[in-house]
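So the structure is just underneath, and the comments pick up after that.
Because only heavy atoms are used, hydrogens play no part in the values below, and waters and symmetry mates are left out as well, while side chains stay in. Note that this is a predicted model, so its numbers are computed, not measured.
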Amino acid sequence: MKKIILTLLAVMACTLSFAETVKINGLYYSLGTTTATLVKDQSSDLSTYKAYTSVDVPASVTYNNYTYPVVTIGTSAFESCTNLQSVTLPNSITAIYTDAFYGCTKLGDINLPEGLTTINSRAFEYCNLDTIIIPSTVTSIGNKAFYNNPLKSITWLPSGSPISTGTGEDSPFYNSNGSKVTSFTFGPNVKIVPAYICYKMSRLDTIVLPPSVSSLGQYAFYYCTNLKSINLPVTQKTLPISFFEGCSSLESIELPATLTTISTDAFYGCTKLANVTLHEGLTTINNRAFEYCKLASITIPSTVTSIGSGAFKGNPTTSVTWLPKTCSIGTGDGSPFYSTSSQITSFVFGDSVKSIPGYLCYNMNKVQNIVLPESLTTIGQYAFNGCSLLKDVTIPASVGSIGTYAFAFCTSIKHFEFPAGITTLATSVLEGSTALEEVIIPASVTTINQDAFYNCSKLMAIHNYAITPQTLQERAVYNVNKHTCILYVPIDYINLYRAKAVWCDFDNIIGVQTDLLFEDRIVNVTYLKPDSSLYYMEAQTWAVPHEPHIEGFTFVKWQVLPGDLADGIVLVAVYQSNNPTNTSDVVVNPANKAQKLIRQGNVYILRDDELFTITGQKVQ
C-alpha cells in the first residue's frame with residue numbers, strides 16, 4: 001500500500017513540474033510559486049514567436065484559477081525574432097534577462113517600465129532602438145545590453161546607489177559601427193554617473209549634469225570627441241580615471257573648488273583644452289592627467305603635493321607658475337612638463353616654495369632666467385638639467401642641498417656660486433656646462449663628488465674657500481684646463497692645496513684672504529652734491545668688509561674716495577707700515593702677490609680691484 005502511494009506522489013510531482021511552463025494567449029510562461037516568467041518559444045519548430053511583429057506582455061496570467069504576476073522576461077525569450085517591431089511591457093516587470101531580445105533587428109519600439117531593476121547582458125543587442133529611457137529604478141545593466149543599436153537619444157533616470165554597468169566596449173550603449181547618440185539626458189535625481197556610461201559617444205556635444213550628482217565613474221565620457229560643454233558637480237572631490245580622455249573638442253572646463261584629486265588620464269588627449277584653473281585645495285594630479293592638451297599657461301596651487309608622470313607632457317606651454325612648498329613628481333621623460341621641444345620660456349617660483357623637486361625643469365631649453373625664493377632649502381636632482389639657455393641663477397643662502405645633475409648641461413651659465421652652508425657638491429652637478437667661466441665654492445663644502453665639473457671646458461676661475469682641501473677625483477674636473485684655470489684658495493692653507501692630489505695639478509694656485517665678512521661701520525663720506533660743484537662730507541653708516549691682514553702693516557681704516565653718490569662710492573683700505581723706516585712706494589703682499597700697497601704720503605692704499613675695491617651700498 002505504501003509503495004502505491006509513493007508511486008502516485010512521484011507521478012503527480014512530475015506532472016506538476018511539466019505543467020510549470022504553459023502557453024497562454026500565444027506566449028509561454030514559466031510559473032513559479034507566485035510569479036511568472038515569460039520564456040522562449042516552446043513550439044516544436046520554434047515558429048510561434050518568429051511570426052510576431054508586436055507583443056503586448058500582460059501584467060499577469062491566470063492558470064488553474066490562480067493569477068501570476070508577470071515579473072521577468074526570461075533568457076533568450078525573443079532571441080532572433082527578426083520580425084518583431086514593438087513590445088509593450090507592463091509595470092510588473094522587474095528584470096529582463098540575458099539575450100531576451102538579442103538579434104531582434106527590427107525592434108524599434110519598447111517601453112522600460114518604472115519598477116524595472118535589472119537589464120542583463122545582451123538583452124537588446126542588435127536591435128533597432130533609436131530612443132531609450134532607462135527608468136529610475138534600474139540598478140544593474142549587463143555587458144552590451146544595448147550593443148550596436150542605432151541609438152540617437154538616451155534618457156538616464158536611475159537614482160539608486162550604486163549602479164552596475166558593463167565596461168569598455170562591453171558598456172551598455174556601445175556601438176562598434178560608431179555611436180549615433182547625439183542626446184544623453186541625465187534625470188534630475190541622478191546621483192551617480194556610472195563608469196563607461198557614454199563610452200565613445202563621438203557625436204555628443206553637450207552634457208548637463210544635475211546638482212544631485214555626487215559620484216562620477218571612470219571612463220564616463222571616454223573619447224566623446226565632439227563634446228564641447230559639460231558642467232561638473234560643485235561638491236566633487238575626485239575626477240576619475242580617463243573621465244574626459246580623448247574629448248578632443250573640449251576647449252575649457254570649470255573645475256569645482258572642492259576638487260582634491262585629478263586622476264590618471266583624466267584629460268589625456270583633450271587637444272583643444274586651453275583653459276583650466278586649478279584651485280587651491282587640489283592635492284594630487286596623477287599620471288598623464290593633462291597630457292596632450294593645449295594649455296599655454298599653468299599655475300600649480302600651493303596645496304599640490306603629488307604630480308604623476310607626464311601630467312602636462314605634450315602641451316604647448318610657455319609659462320608655468322609653481323607654488324607648492326614641497327611636491328613629489330614624475331622623473332626623467334615622465335617629469336610633469338617634459339617635452340623634446342619645450343616651449344616654456346617663463347618658470348616662476350612662489351615665495352613660499354621650500355623644495356624644488358627633481359626633474360622639475362628638466363630639458364626646458366628655452367628658459368633664460370630663474371628667480372629662486374629665499375624660502376628655498378632643497379634643489380632636487382636633474383631639476384634644471386638641460387636648461388641650455390639658462391644664464392642667470394642665484395642660489396639663496398637658505399639652500400642646503402643641491403642634487404645630482406641639478407644644473408648639468410646648462411650650457412649658457414657663466415658664473416655659479418654655491419650657497420654658504422652647503423656641505424656637498426653632488427655628482428655631475430654642473431657637468432657639461434660648457435660656458436661656465438667661474439665657480440665659487442664656500443668654506444662649508446667638505447665633499448666634491450664625481451664629475452661635479454666634468455667637461456666645463458671654459459672654466460677660468462675656481463674660488464674654493466674650504467680650509468681643508470676636498471678629496472677630488474680627476475673626473476670631477478675632466479676637460480678643465482688646469483694650465484689656464486686659476487684656483488683661488490685661503491691664503492693660510494695654500495700649501496695644503498699644492499700638496500693635495502688633483503688640486504696640485506692646477507698651475508695657478510693663488511692664496512686669498514677669506515674673511516671678507518661685512519659689518520656696519522660709520523665712515524666719513526665725501527661726495528659731490530647734485531647741482532653743485534662743491535664736495536660735502538658727512539658721517540654715514542655703511543656695510544664694509546673686515547680688513548685683510550697684511551704682514552708688516554696695520555690696518556687704519558676704510559677710506560671713501562670722493563665721488564658722485566649717484567654713481568656709487570668706492571672704498572679703499574688704508575694701512576700704515578709697522579716699520580717707520582720703510583720708504584717703499586709699492587709693497588707686494590707676500591701672502592698674495594695680486595695685492596699691492598701703494599704709498600700715499602705717510603700711509604699705504606691697498607689696490608686690488610678684483611677683491612678689495614668695493615662699490616659701497618648704503619645701509620641707512
Point to revise | Qualifying residue for side chain to side chain contact (heavy atoms under 4.5 Å, CB included) with Ile509, from Ile486, Asn495, Val489 | key: Val489
Exercise for review: Could you walk me through whether Glu280 and Ser302 pass the side chain to side chain contact (heavy atoms under 4.5 Å, CB included) test, one step at a time?
Suggested key: CA-CA 7 Å; Glu280 287 292 318; Ser302 67; 2.6 Å; yes
Check your understanding: Does a side-chain heavy-atom distance below 4.5 Å link Thr261 with Ser263?
Key -> yes
Check your understanding: Quick one: does Asp333's side chain have a donor or acceptor within less than 3.5 Å of a partner on Tyr338's backbone?
Key -> no
Review point. Between CG of Leu239 and CG of Asp265, what distance do you get to the nearest 0.5 Å?
Key: 11.5 Å
Exercise for review: Could you pull out the closest heavy-atom pair between Ala383 and Ile356, with the gap in Å?
Suggested key: CB-CG2, 4.0 Å
Review point. Are the side chain of Thr434 and the backbone of Cys456 linked by a donor-acceptor contact shorter than 3.5 Å?
Key: no
Review point. Is there a side chain to side chain contact (heavy atoms under 4.5 Å, CB included) between Thr299 and Leu323 once you walk through the steps?
Key: CA-CA 8 Å; Thr299 297; Leu323 303 179; 4.1 Å; yes
Review point. Considering only heavy atoms from C-beta outward, does the side chain of Val234 approach that of Thr258 to under 4.5 Å?
Key: no
Check your understanding: Minimum heavy-atom separation for Ile329 to Gly358, with atom names?
Key -> CD1-O, 3.1 Å
Exercise for review: Over all heavy atoms of both residues, which pair between Pro324 and Val353 is shortest? Give the atoms and the distance, please.
Suggested key: O-CG2, 3.5 Å
Check your understanding: Of the non-hydrogen atoms in Tyr199 and Glu169, which two are nearest, and what is the gap between them?
Key -> CE2-N, 3.8 Å
For a quick test of your reading: what N or O donor-acceptor pairs under 3.5 Å do the side chains of residues 402-414 make, sequence neighbours left out?
from: Thr404; atom 1: OG1; to: Gln381; atom 2: OE1; distance (Å): 3.3
from: Tyr405; atom 1: OH; to: Ser428; atom 2: OG; distance (Å): 3.4
from: Thr411; atom 1: OG1; to: Ser388; atom 2: O; distance (Å): 3.3
from: Ser412; atom 1: OG; to: Ser388; atom 2: O; distance (Å): 2.6

Practice item. Fit a plane to each ring of Tyr382 and Tyr359, take the angle between them on a 0 to 90° scale, and name the class: parallel (under 30°), tilted (30 to 60°) or perpendicular (over 60°). Key: parallel
Review point. Do Ile285 and Ser306 have side chains that get closer than 4.5 Å, going by heavy atoms?
Key: no
Review point. Any idea which heavy atoms bring Gly330 and Pro336 closest together, and the distance?
Key: O-CD, 4.0 Å
Review point. Just by modelled atom types, is the Ala426 backbone N or O under 3.5 Å from a matching donor or acceptor in the Thr424 side chain?
Key: no
Exercise for review: Using atom types as modelled and distance alone, determine if a side-chain donor or acceptor of Thr377 lies under 3.5 Å from a backbone N or O of Lys354.
Suggested key: yes
Check your understanding: Between Ser346 and Ser319, is there a donor-acceptor pair closer than 3.5 Å when you use the side chain of the first and the backbone of the second?
Key -> no
Practice item. Give the intermediate values and the outcome of side chain to side chain contact (heavy atoms under 4.5 Å, CB included) for residues Ile441 and Ile462. Key: CA-CA 8 Å; Ile441 304 169; Ile462 299 175; 3.9 Å; yes
Check your understanding: Side-chain contact, heavy-atom cut-off 4.5 Å: Gln470 with Val445?
Key -> yes
Review point. Just by modelled atom types, is the Leu295 backbone N or O under 3.5 Å from a matching donor or acceptor in the Thr317 side chain?
Key: yes
Practice item. Evaluate the side chain to side chain contact (heavy atoms under 4.5 Å, CB included) criterion for residues Val439 and Phe453: first the C-alpha distance (whole Å), next the side-chain angles of each, then the deciding distance (0.1 Å), finally the verdict. Key: CA-CA 9 Å; Val439 65; Phe453 307 111; 3.8 Å; yes
Point to revise | Rounded distance [0.5 Å steps], OG1 in Thr305 versus NZ in Lys325 | key: 13.0 Å
Review point. Can you find a heavy atom in the side chain of Val367 that is under 4.5 Å from one in the side chain of Phe384?
Key: no
Review point. Rounded to the nearest 0.5 Å, how far does CD1 of Ile241 lie from OH of Tyr268?
Key: 15.0 Å
Practice item. Return yes when atom NZ of Lys482 has more than 12 non-hydrogen atoms of other residues, nucleotides or ligands closer than 6.0 Å, and no otherwise. Key: yes
Point to revise | Side chain Thr165, main chain Ala195, donor-acceptor under 3.5 Å | key: yes
Review point. Are the side chain of Ser309 and the backbone of Asn287 linked by a donor-acceptor contact shorter than 3.5 Å?
Key: no
Review point. Are Asn315 and Glu291 close enough that a side-chain donor and a side-chain acceptor fall under 3.5 Å?
Key: no
Review point. Do the rings of Tyr478 and Tyr454 sit parallel, tilted or perpendicular, given the 30° and 60° boundaries?
Key: parallel
Practice item. For residues His279 and Thr303, report the shortest heavy-atom separation together with the two atoms involved. Key: O-OG1, 4.4 Å
Revision key, fill the gap. When rounded to the nearest 0.5 Å, the distance separating CG of Asp205 from OG of Ser202 is 11.5 Å
Check your understanding: Which distance, rounded to the nearest 0.5 Å, do you find between the CZ of Phe290 and the CZ of Phe267?
Key -> 5.0 Å
Practice item. Report yes if the side chains of Phe347 and Ile370 come closer than 4.5 Å at any heavy-atom pair, otherwise no. Key: yes
Review point. Does any N or O in the side chain of Gln368 come within less than 3.5 Å of the main-chain N or O of Lys366, such that one atom is a donor and the other an acceptor?
Key: no
Practice item. Please tell me if the side chains of Phe244 and Ile253 come closer than 4.5 Å, counting only heavy atoms from C-beta onward. Key: yes
Would you list the atom pairs, donor with acceptor, under 3.5 Å between side chains in residues 209-218 and any protein atom, with sequence neighbours excluded?
from: Ser212; atom 1: OG; to: Pro188; atom 2: O; distance (Å): 3.0
from: Ser212; atom 1: OG; to: Val190; atom 2: N; distance (Å): 3.4
from: Ser212; atom 1: OG; to: Val190; atom 2: O; distance (Å): 2.5

**Study point:** is_close_aromatic(Phe243, Phe221), centroid dist under 6.0 Å
**Key:** yes
Practice item. Verify whether one side chain among His463 and Glu438 offers a donor that lies under 3.5 Å from an acceptor in the other. Key: yes
Review point. Looking at side-chain heavy atoms only, is the closest gap between Met460 and Cys485 below 4.5 Å?
Key: no
Practice item. Ignoring hydrogens and angles, state whether a donor on the side chain of Asn226 or Lys228 is under 3.5 Å from an acceptor on the partner side chain. Key: yes
Review point. What's the spacing between Met201 CE and Phe184 CZ if we round to 0.5 Å?
Key: 5.0 Å
Exercise for review: Measure from the side-chain N and O atoms of Ser398 to the backbone N and O of Glu374, and report whether any donor-acceptor pair falls under 3.5 Å.
Suggested key: yes
